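Below is one structure, written out as structure tokens; comments come after it.
Labels below follow one simple rule: chain letters A, B, ... track the order of the sequence lines, proteins then strands, and each chain is numbered from 1. These numbers were taken from a predicted model, which means no experiment stands behind them.
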Amino acid sequence: MKSLLLTGGRVIDPANGVDALANVFIENGKIAGVGPVAGVGAEGVEQLDVSGLVVCPGLIDIHVHLREPGQTAKETVATGTAAAARGGFTSVVCMPNTSPAIDNPGTVALLHELATTQGVVNLWVAGAITKNIAGEELAPIGSLKKAGVVAITDDGHCVQNNELMRRALEYARMVDLPVMDHCQDYSLVTDGVMHEGYWSTVLGLRGWPAAGEEMMVARNILLAETTGARVHCQHLSTARSVQLLREARRRGVPISSEACPHHFTLTDAAVAGSERFWEADGKGVAGFDGGSERPIWPPYDTNFKMNPPLRSAADRDAILEGLADGTIEILASDHAPHCDYEKEVEFDYAPFGITGLETELGLALSQLCHSGRLDLAGVIRKYTAAPAHLLGLAKGTLSLGADGDLTVLAPDLEWTVDNRAGASKCLNSPFHGWHLKGKAVVTIVGGKLAWMDHAKFAGSFLPAESRRDKTL
Amino acid sequence: MNWSRKHLLDVQSLTAEEILTVLDTARAFKAVGERAIKKVPALRGKTVINLFIEPSTRTRISFELSEQRLSADIINFTAEASSLKKGETLKDTARNLEALNADFIVIRHRASGAPHFLSRVLNASVINAGDGAHEHPTQALLDMFTIRERKGNFQGLKVTILGDILYSRVARSDIWALSKLGAQVTLCGPATLVPRVFEKMGCRVTYDVEEAIRDADIINLLRIQHERQRQTMFPSLSEYTGLFGLNKTRLAGTKPDALIMHPGPVNRGVEIDSEIADCPRSLILEQVTNGLAVRMAVLFLVNGGKGPQEVAAS
């Protein structure tokens, strides 16, 4: 295998507390050196000059829907992992709400095979908590663990029976798997299609109260405390969820959480159309306060329908605060592709979910970093060291000998989202036409180039014979 | 004259001037309806499709007759007879209808926002005949027409809307129209059906029915929509009648010139005592008559009609 040397970049590796100008040297697909003289003098090395850019451990998204098996009109392992590479992600964790569900070792093995033959980036599998994600009987959690799942979740659904959830946690703890939960109390949420509040009232859409999430976050805190199992609350969306998590973590409860860019960028006003959103809640969007060109969209646009729903401005602010103070450790996309013909229907009938892999980094950098809430290392940690730690992955670090997964970022690069230009099979992102600041330009997986943004990055690999040593 | 809209999707986005333009135009059409020959050629050669995805009687009939009186060609399309049952999407159904060169689509749908969606995917003019719990703009416009005929103007007028507000598209359209025209709106009904969040739309919310109607100039009653509700919303219809129903005793505590409205269908003995529904203070049947003129006005205006003068000349 060829060796690879990235020269001149600002290396940010939160796992090792590194933030310095350095070369990164990869040999045989593993990190072989990070430092001012790393790789200098080595033979047969391909070289990429990344001066002015940031090099970090390959980003990890622990919450994506790749739709295989069974829903390949929406996405496949091939297209979903290609979208991941374009977004700067070198590892993704796919959710088990497929058809059939990933609730048995055979389906896990199928995913691993697809990852090997079709995957553009590393793929990790989350198994189901219950058989067929039906919330009635435990899935074979021990066998799933042996088959290689890194967590269990009924994502898209939520185990309603508290006793069953308690047993799942006890069992998962035995086999040392974290349990990720999509927090939604069905009896409170009923048939809600958006956040319950002023805008659902005006639009005449059925509301999904914030308490419908918070009830389950509270349940999970109590059960994590009771069982000692590690529980991870997925895609937090409300202020009181953040408050509950903050208190629980202070007490030492083994509970963690993630947030998605749409929940800390948009609000429920967006469902009423861009005009109302910018007027009511536009101030909370980084980069748009100066009245620069604002994206437009109509009322009842189903690309603003997701689960959990877009919440109030106060909820959005609380999620941002929770990310800034460390309560929410992890960033993820909840990448949920749906076909045009599924989304181009009445709001009530459209499926929940939006794509996210190709926009999440730009949104996170815009909303968290450029707004001054977090430094660059803080954002990178939530995409690298933190998710790797949660799932016990040997990823998210540039330690010597670690896998050669790298992301090269241009944190100040301004760009415009174009849904049609993406690699995902689907176009259901609400951020089409948004101007964002910061994006990945090179994605390297296991020492090999997975993707390079040729439009935004003028660099190219110099072959081994033409390289010149560069020291810093 | 102040109208340049191609669609009528909701009242929320209309200005007070636009609402008054509809009312003025409707007044001219009401006069047409009192002639021996009630038909005008305004929409001759135009095709209107009445796309009723949710069952409706009075609104559908009112639209049909309005269209006939404007000399339009009409196709009536109901969900029961349609391909929607075979899995065709609304977009495909509507585009197929548009391929018949329809000029107007009047849509009634149980999903809020369906008319907005259609207006984005079609070239035809879209008129909202009621969408889910969102809006019912022509009902509000006919309510405004009826109120103006009886009360003259809206400034400072006190209007109480009583009943199921949460699930009511009529309530939302009325609230927007009344607020834009300067009336004061009070909402009353069970707390589960009249949440406080409506205060943010500029209304007063109270759960004391006697207090709610005491100073009202207009009492607009809404039907309890069993079909949209869950069992958890309130204990029983009889408890509703006891707490909120309009009866003789309660009516005695109102201003003598307070008038009673209801968009129908009326559930006699539930939200209103039967004899009150038929009393001289009830405007229920006038609303139906006025609905025809208002719907003619709306079709006329979205077709590019130039206001009441042109109607009077026809």
Once rounded to the nearest 0.5 Å, what's the spacing between atom [atom1] of [X] and atom [atom2] of [Y]?
| X | Y | atom1 | atom2 | result |
| --- | --- | --- | --- | --- |
| B:Arg110 | A:Tyr349 | CZ | OH | 6.0 Å |
| B:His116 | A:Leu203 | NE2 | CG | 8.0 Å |
| B:Leu118 | A:Glu346 | CG | CD | 7.5 Å |
| B:Phe117 | A:Asp348 | CZ | CG | 12.5 Å |

Note, [X] side chain near [Y] side chain (heavy atom, < 4.5 Å):
| X | Y | value |
| --- | --- | --- |
| B:Gln12 | A:Arg276 | yes |
| B:Phe198 | A:Val202 | no |
| A:Glu344 | B:Val121 | no |

Over 12 non-hydrogen atoms of neighbours within 6.0 angstrom of [atom1] in [X]:
| X | atom1 | result |
| --- | --- | --- |
| A:Ile296 | CD1 | no |
| B:Lys6 | NZ | yes |
| A:Glu275 | CD | no |
| A:Glu279 | CD | no |
| B:Arg95 | CZ | no |

Validation row, ring centre B:His134 to ring centre A:Tyr300 under 6.0 Å: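 Yes, the ring centres sit under 6.0 Å apart.
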Interface moiety of B:Lys91 toward chain A, non-hydrogen atoms closer than 4.5 Å: side chain
Heavy-atom pair of closest approach, residues A:Leu205 and B:Ser112: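 Heavy atoms only, the tightest pair is CD2-CB, 3.7 Å.
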Heavy-atom closest contact (A:Pro299 atom, B:Arg120 atom, distance): O-NH1, 3.1 Å
Flag, side chain of B:Arg172 to backbone of A:Thr201, donor-acceptor distance under 3.5 Å: yes
